[in-house]
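The sequence lines fix the lettering, A, B, ..., with proteins before strands; numbering per chain opens at 1. Side chains are part of it too, since the values below use all heavy atoms of this structure and drop only hydrogens, waters and symmetry mates.
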Amino acid sequence: MRASQFLIATLKETPSDAEVISHQLMLRSGMVRKVASGLYNWLPAGLRTLRKVERIVREEMDRSGAQEVLMPAIQPAELWQESGRWEKYGPELLRVRDRHNREFCVGPTHEEVITDLVRNEIQSYKQLPANFYQIQTKFRDEVRPRFGIMRSREFIMKDAYSFHSNMDSLQQTYDLMHKTYCNIFDRIGLDYRPVLADNGSIGGNSSHEFHVLASSGEDDIAFSDSSDFAANIEMAEAIAPAGERAAPTAEMTLVDTPDAKTIAQLVEQHGLAIEQTIKTLFVKASEECEAEFIALLVRGDHDLNELKAEKLAQVAAPLEMAEEEAIKSLIGAGPGSLGPVNLPIPCIVDRTVAQMSDFGAGANIEGKHYFGINWDRDVALPEVADIRNVVEGDPSPCGTGTLSIKRGIEVGHIFQLGQQYAKALNATVLDENGKAVVMEMGCYGIGVTRVVASAIEQNYDDRGIIWPESIAPFSIALVALKYEKSEVVREQADKFYEELTSAGYEVILDDRPKVSPGAKMADMELMGIPHRVVISDRGIEAGTLEYKGRRDAEKQEIAIAELNDFISRTVKK
RNA sequence: CGGGGCAUAGCGCAGCCUGGUAGCGCAUCUGCUUUGGGAGCAGAGGGUCGUAGGUUCGAAUCCUGCUGCCCCGACCA
C-alpha cells in the first residue's frame with residue numbers, strides 16, 4: 001500500500017474525551033473515529049488490524065473443528081419470548097419494530113437463534129457433538145459506554161455454541177475451547193490468563209474468563225504467587241485464617257462514638273486498629289428467613305462479596321441493601337452504629353470475623369459502639385460463611401502460595417450452559433435408544449474489537465502504538481524521504497516495495513509528497529508499524545538503508561544489497 | 001439510575017463574569033523556499049457559537065426548557 005493512496009488520519013493532539021491509552025492512541029493513530037456514544041467507524045488502518053484478529057480467531061476455531069455460520073443481527077422477539085429472556089434481559093436489549101409492527105431485537109448474543117437452528121436441523125445423537133461459531137456485530141445498549149471500543153455498544157464478537165448429547169461430550173469440547181482460546185491469545189501475542197469465573201444465573205459446572213492483564217482493566221483477578229491458580233475476585237475463596245481464635249483479653253465496654261459514622265472515622269477517632277473492627281451490613285433476607293433482613297458481618301477493612309452473599313440460602317437474590325430508614329425503624333439506630341451484640345435479626349459472619357477477639361462494633365444504639373467484644377463470652381457466634389472479597393496477601397485457596405491481585409480486561413469467556421436454552425426451546429435429539437433427550441450446550445465468546453484495544457493497553461510507548469507483529473496493520477514501513485523529488489530514492493523505494501510485496505510482506509510505502517521526514521517517521525511510529533526502513537539520498541550514496549524495529553533503541557545501517565536477506569531473517573510474514 | 005461538568009471552524013481551546021456583529025494554535029487550500037525527527041514565509045477558505053424559547057434597541061455572552069457528550073458513583077454503614 002502506498003501511503004499517498006491510503007487514509008492516514010493521524011492527530012497530533014489527543015482528543016479531550018479519551019480517557020484510556022488505547023482509546024487515545026486509536027483516535028490519534030487514525031484507527032477509529034467515534035460516530036455516537038458507543039458507536040465507532042473503523043478506518044482503513046484499524047480495520048486491517050481488526051481483520052487480522054478475526055483471521056487468527058477463525059483459523060484456530062476452524063482448526064478445533066468448529067463450523068462457521070452467520071446469523072442475523074436482528075432477531076425476532078418470539079425466540080426471546082420462548083427462552084424467557086425477552087422479559088428478563090432489561091434495557092440493554094435494544095428492541096425495535098418493523099413496518100408490520102412486529103417486535104425484534106438487535107442481538108446482544110445468539111443462544112436463541114442458534115438453538116432454534118440446531119433444533120430444526122439436528123435430529124440424531126450421531127450428528128453430535130457439533131460446534132457452530134460466527135464472527136458478527138453485536139449490540140448491547142450499555143448503561144455507560146466508555147473507554148472507546150473497550151466498552152462500546154456495538155462491537156464485534158466471535159461467539160460459538162456447542163451441542164452435545166451428554167455432559168462428558170460437553171466437557172470435552174469445553175476443554176478443547178479452553179485450549180483453542182489459549183492458542184488464539186498466544187498467537188496474537190497477548191499477556192493473558194484464563195481465570196475461574198462465575199457462571200452467573202445460568203448454572204453449569206465450569207466457567208473461565210480470559211483476561212488480558214492491564215492496569216486499565218475493569219476486573220480484579222486474584223493470582224497465586226506459586227501456582228497456576230487464577231480467579232476472578234468474585235470467585236476466589238477467602239479461606240479461614242489458620243489457628244485458633246485468641247482468648248479474650250479485654251472487657252466489653254460501651255463507648256460513646258457520636259461522630260463515628262464510618263469505619264474510617266471510628267478508627268481515626270478512637271485509636272482502634274481497622275483489623276479490630278467489624279462492619280455490619282443489612283441486606284434483604286430470602287423467604288427462608290423469618291426476618292425481613294439479615295445482617296452480614298465482615299472485618300472493617302474487608303469488602304462484602306456480593307456474589308458469595310447472594311448464594312447464601314438466607315439472602316435474597318439479587319442482593320439488596322437495606323434502606324437507611326428501614327434500619328432505623330427496625331433497630332432504632334442508624335447504619336453507622338450496627339453490630340452483632342443485641343441484634344434482633346439473624347446474622348451471618350465472615351470466616352475472618354469468626355476468628356476475631358476483642359473487636360469493636362456498633363452497639364445498635366445510635367452513636368454508641370462496643371469495644372472489646374468477644375464471641376461466645378459476649379455474644380453467641382452466629383453462622384459462619386465466606387462472604388468477603390479476597391485481598392492481597394490472603395492464602396491462595398488452591399493451598400499453595402499467597403494471592404496477589406491484578407487488573408484484567410475480559411477478552412474471552414467460555415462456559416457450560418447445560419440444558420437451559422435447549423430445554424426452553426425444546427431442542428432434543430434421539431439417543432441410542434430412540435428416546436428424545438434435551439441437548440447439552442456450551443458457549444464460547446471472544447470480544448474481537450476489545451482484543452484490539454487490549455493489545456494496545458499492553459503495547460505502547462510515548463510515541464504511540466506498538467502492535468504485536470501478528471496484528472499490525474502493516475508489518476514494514478518503507479519511509480522514502482523526498483520521494484517526489486529524488487529520482488534515486490524513488491527508484492530504490494519502488495523496487496523494494498515491489499520486491500517485498502511480492503515476497504508476501506505487508507508493506508506501507510510512505511511516498512507522501514511534501515511531508516517532512518520527521519512527520520513520516522512520527523506517523524509510522526504512532527501507527528505502531530513493527531519494522532521501519534528509511535530510504536534516503538544520503539543512505540543510497542553510502543550504499544545503505546536504515547532499519548529500526550519499533551521497540552529498538554538504536555537504528556542500524558543495512559547494505560542495500562542485503563536488505564532482502566535482512567528482512568527475511570528479521571520480519572515474520 | 002444518582003451526582004458533577006461540558007457543548008464556539010475537522011481537532012485542541014480562548015471569548016461569556018461586565019451584552020455591542022467571533023478569535024488563537026494545529027489541520028486544510030494556493031504560491032515560493034525547505035527535506036534525516038511532527039519545516040518557514042506570504043496569502044486564502046471554513047463557524048445557523050448544540051437546539052427551542054425568553055429578556056433586550058442589540059445575545060456566543062443573561063434566564064428557562066430540551067438534546068447530545070464526558071467524568072464520578074451506583075454494597076463498603
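- In terms of position along RNA chain B, the nucleotide closest to A:Phe147 lies nearer the 5' end than the nucleotide closest to the other residue of the pair A:Phe147 and A:Ala264.
- B:G43: Watson-Crick or G-U partner is B:C29, with both key distances under 3.5 Å.
- At a cut-off of 3.5 angstrom, counting only N and O atoms as typed in the model, there is a donor on one side and an acceptor on the other between the side-chain of A:Arg28 and the base of B:G38.
- A gap of 14 Å separates the P atoms of B:U18 and B:U61, to the nearest Å.
- Checked against B:A77, B:G12, B:C71, the side chain of A:Glu13 finds its nearest nucleotide in B:G12.
- Between A:Ser16 and the phosphate of B:C13, there is a side-chain N or O to OP1/OP2 separation shorter than 4.0 Å.
- Picking from B:G38, B:U35, B:C69 the nucleotide with the shortest atom distance to the side chain of A:Ser37 gives B:C69.
- With A:Trp80 as the aromatic partner, A:Arg95 does not meet the cation-pi criteria of under 6.0 angstrom to the ring centre and within 45 degrees of the ring axis.
- Counting only heavy atoms from C-beta on, A:Arg144 has its side chain closest to B:C72 among B:U35, B:C72, B:C1.
- Between A:Ser337 and A:Ala18, the one whose closest nucleotide on RNA chain B sits nearer the 5' end is A:Ala18.
- A:Ser207 and A:His413 share a side-chain donor-acceptor pair at under 3.5 Å.
- Figure legend: A:Arg140 and A:Phe155 shown without cation-pi pairing, the cationic atom not lying both under 6.0 angstrom from the six-membered ring centre and within 45 degrees of its axis.
- Side-chain atoms of A:Glu525 stay outside donor-acceptor range of the base of B:G38, with no qualifying N/O pair under 3.5 Å.
- Taking every side-chain heavy atom of A:Pro15 into account, B:G12 is the closest of B:G37, B:G12, B:A77.
- Among B:C70, B:C71, B:G38, the nucleotide with an atom closest to any side-chain atom of A:Leu526 is B:G38.
- Taking the ring axis of A:Phe293 as reference, the NZ or CZ atom of A:Lys284 does not stay both within 45° of it and closer than 6.0 Å to the ring centre.
- For A:Lys279, no side-chain nitrogen or oxygen approaches OP1 or OP2 of B:C75 to under 4.0 Å.
- Aromatic rings of A:Tyr497 and A:Tyr505 (six-membered ring for Trp) have centroids beyond the 6.0 Å cut-off, not under it.
- You'll find that the side chain of A:Glu306 is closest to B:C75, out of B:A77, B:C75, B:G37.
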